[in-house]
Novice: 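Just dropping this structure here.
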Amino acid sequence: MDSLRSMNNALAYIEEHLTEEIDYSEVSKDELVPWNHAFVVTSLASEAPETLFKTYRQRGNAENQIKELKCGFGFDKTDSSTFARNTARALITGIAYNLVQLFKQLFVSEDRRSTISSLRFSLFHIAGRITWHARRVVIHLASNYVYKNWFSRIMDEVHQLAT
């Protein structure tokens with residue numbers, strides 16, 4: 001994660017200083033990975049370089065979100081034989097995606113870019129059992145669950161939000 005953060009810092013520095021001489025020692029002072037040169041080929045010649053890089057970065061983010069919709073939520077599935085059923089499935093998938101985005105904004109402060117696949121694995125693939133005692137639900141997690149503290153913190157925050 002540190003390498004990604006340092007790479008983003010380096011890219012942000014370059015984007016801020018595109019119109020002037022770039023001090024590469026400043027860019028690479030906290031860099032943990034080797035340089036990865038990228039080129040943008042575009043027909044938008046009238047735009048400023050800062051605007052172009054921001055536009056293409058946002059486009060990449062949009063493509064990642066579409067990929068998450070397809071792979072993580074099954075948005076591309078049209079198994080039903082009628083248009084109405086496929087439309088309802090797409091709408092429900094869109095609602096689920098938006099709920100997960102809201103969940104990430106409210107409770108996942110560590111890495112908001114985490115995908116539904118990684119959240120599913122870290123929060124829901126847990127060995128354990130659920131018991132009911134005196135109108136109270138108790139979740140018993142496996143003692144060797146790696147994300148136990150994170151899961152407990154999120155459950156506490158959800159409980160505080162509900163009360």
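Computed over heavy atoms, backbone and side chain alike; hydrogens, waters and symmetry mates excluded. From a predicted model like this one, the values you see are computed outputs, not experimental measurements.
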Novice: Would you say R57 has more than 12 foreign heavy atoms packed within less than 6.0 Å of its CZ?
Specialist: yes
Novice: To the nearest 0.5 Å, what is the distance between OG on S152 and NE2 on H159?
Specialist: 13.5 Å
Novice: Please report the C-alpha distance between V138 and H140 in whole Å, then the side-chain angles of each, then the deciding distance to 0.1 Å, and finally whether the side-chain contact (heavy atoms from CB on, under 4.5 Å) criterion is met.
Specialist: CA-CA 6 Å; V138 180; H140 302 277; 3.5 Å; yes
Novice: Would a line drawn from the ring center of Y147 to the ring center of F151 be shorter than 6.0 Å?
Specialist: no
Novice: Rounded to the nearest 0.5 Å, how far does CG of N86 lie from CG of L91?
Specialist: 11.0 Å
Novice: Is V100 close to L119 at the side-chain level, that is, under 4.5 Å between some pair of heavy atoms?
Specialist: yes
Novice: Under a single-linkage definition using a 4.5 Å side-chain heavy-atom cutoff for Ile, Leu, Val, Met, Phe, Trp and Tyr, are V108 and L102 assigned to the same hydrophobic cluster?
Specialist: yes
Novice: Could you state the interatomic distance from CG (L123) to CE (M155), rounded to the nearest 0.5 Å?
Specialist: 10.0 Å
Novice: Enter the distance from R129:CZ to L141:CG here, rounded to the nearest 0.5 Å.
Specialist: 10.5 Å
Novice: List the atom pairs, donor and acceptor, that lie under 3.5 Å between side-chain atoms in residues 61-79 and the rest of the protein, sequence neighbours left out.
Specialist:
from: E63; atom 1: OE2; to: R59; atom 2: NE; distance (Å): 3.4
from: N64; atom 1: ND2; to: G60; atom 2: O; distance (Å): 3.4
from: E68; atom 1: OE2; to: I116; atom 2: N; distance (Å): 2.8

Novice: Does atom OH (Y56) have a neighbourhood of more than 12 heavy atoms from anything else shown, all under 6.0 Å?
Specialist: yes
Novice: Just how far is it from atom CD of E157 to atom CD1 of I154, taken to the nearest 0.5 Å?
Specialist: 7.0 Å
Novice: Evaluate T131 against H133 for side-chain contact (heavy atoms from CB on, under 4.5 Å), listing each step before the verdict.
Specialist: CA-CA 7 Å; T131 58; H133 299 289; 3.4 Å; yes
Novice: With the 4.5 Å side-chain cut-off for hydrophobic clustering, are L99 and L106 part of the same group?
Specialist: no
Novice: State the CZ-CH2 distance between F107 and W150, to the nearest 0.5 angstrom.
Specialist: 12.0 Å
